[in-house]
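Structure first, then comments.
Whatever order the structure lists ligands and atoms in, that order sets their numbers, starting from 1.
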Amino acid sequence: MEQSMNELMEHTADMGQAEMFSKEWYNEYFRRAAESPTHARFCEAVYGRDLCQHGMMDIDEMGFLASLLKPGEKVLEVGCSNGFITEHIHRQAGCDILGVDYSDVAVGQAQARTRGKADRLNFQCVDLIQDELPGGEYDVILAIDSIYFMGDYNQTLAKLNAKLAPGGRMIIAAFQVKEEGDPETILLPGHTRMDEALKDLSFRYTRHDFTENVRNHWIKNYECSRKLQSDFAAEGNAFLCEARMAENGWFKDHAERETLVRFLYVIDHNGALA
Ligand SMILES: C[S@@+](CC[C@H](N)C(=O)[O-])C[C@H]1O[C@@H](n2cnc3c(N)ncnc32)[C@H](O)[C@@H]1O
């Protein structure tokens, strides 16, 4: 797992939440989130639109991402959760998407909701660490705040690249923080851990800066979770609020200290790796 996420996991483990981000934890999260009016209000306020998000991509960044896709392209989205984002991108860009996630609860919600669109929008339960990626070759592979959960960046990029059609591309949204002991340059464009992995593997790519969005995101996330805390509790969904609060203090500190950056990496298929 990527270094930044390790640090966050250690931080949340200290708070008695060692199982955070496990499959069981995500199942509990999405079981509750899909039914929670307060979670919908939280997402609307924090992301600009309620798509039952659990990542950091606001509606502006999502619009930019959708503008990179072409109608009819065959897309694989890894870590799609319960598929509201997938469905939104499918509607905006007109591409065909298979979304995969290890939360069977989230995938079940997505499948039930989109049954009528199964010719162009599908969902499947896949463990991104243990399982093979399904299907043949894709024009695009999307990873929105899911790359952290797939293990070592170099290995993950090679695994995703192997599922791309010639001329295909990966689009990866990822944050980077600077912690004690990290190189001074780690936040600079071209020097994040993702940049280093991409350079190691000789990928050609472009990078789009969403640092301002992610810093605003975490400040709003922090404030809204506290504003809505009693509403979450009144619904019996204190779990959802605690889940947000377990991470948003850590991220808000980084946002305020300006030790948090975010980029959308658009990476060309590298045939030489095959
Ligand atoms: C931070 S959430 C992001 C969800 C969504 N992309 C978004 O931006 O709201 C990470 C997602 O990755 C999924 N995930 C984490 N580890 C996984 C694994 N090993 N295999 C498959 N999915 C995984 C979780 O179930 C969750 O839906």
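Residue contact check: Phe149 has heavy atoms under 4.0 Å from atoms 1 (C), 10 (C), 15 (C), 16 (N) of ligand 1. Every atom of ligand 1 with a heavy atom of Val126 under 4.0 Å away is listed here by number and element: 20 (N), 21 (C). Less than 4.0 angstrom separates some heavy atom of Gly55 from each of these atoms of ligand 1: 7 (C), 8 (O), 9 (O).
For a threshold of 3.5 Å applied to N or O pairs, the pair formed by Gly79 and ligand 1 contains at least one separation below that value. The shortest N or O to N or O distance between Phe21 and ligand 1 is not below 3.5 Å. For Gln53, no nitrogen or oxygen atom sits less than 3.5 Å from a nitrogen or oxygen atom of ligand 1, counting backbone and side chain alike. In terms of N/O distances under 3.5 Å, ligand 1 is approached by Tyr102.
Scanning Val78, Ile144, Asp101 for the heavy atom closest to atom 25 (O) of ligand 1 points to Asp101. By heavy-atom distance, the residue among Asp145, Val105, Ile85, Asp127 lying nearest atom 19 (N) of ligand 1 is Asp127.
For the pair Tyr47 and His217, the minimum side-chain heavy-atom distance is below 4.5 Å. Annotation: side chain of Arg204 is not in contact with side chain of Ile267 (no heavy-atom distance under 4.5 Å).
Under 4.0 angstrom from ligand 1, the non-hydrogen atoms of Tyr26 all belong to its side chain. Within the 4.0 Å heavy-atom criterion, the part of Phe30 lying near ligand 1 is the side chain and not the backbone.
Using a 4.0 Å cutoff on heavy atoms, His54 counts as a contact of ligand 1.
When each of Thr86, Leu98, Thr114, Ile97 is checked for a side-chain contact (heavy atoms from CB on, under 4.5 Å) with Asn122, only Leu98 meets the rule. When each of Phe175, Tyr153, Phe21 is checked for a ring pair (Phe, Tyr, Trp, His ring centres under 6.0 Å) with Tyr148, only Phe175 meets the rule.
Of the protein's non-hydrogen atoms, the one nearest atom 20 (N) of ligand 1 is Leu128 N, 2.8 Å.
Taking the six-membered ring for Trp and thresholds of 30 and 60 degrees, Phe30 and Tyr26 have nearly parallel ring planes, at less than 30 degrees apart. The aromatic rings of Tyr205 and Tyr265 are tilted relative to each other, their planes meeting at an angle between 30° and 60°.
A search for side-chain hydrogen bond (donor to acceptor under 3.5 Å, both in side chains) contacts involving Thr259 returns His254, not counting sequence neighbours.
Applying the salt bridge (charged side-chain N to carboxylate O under 4.0 Å, His left out) test to residues at least two apart or on different chains, the pairs with a partner in residues 206-225 are Asp195-Arg207.
A cation-pi arrangement is found for Arg113 relative to Phe84, the charged atom lying closer than 6.0 Å to the ring centre and inside a 45° cone about the ring normal.
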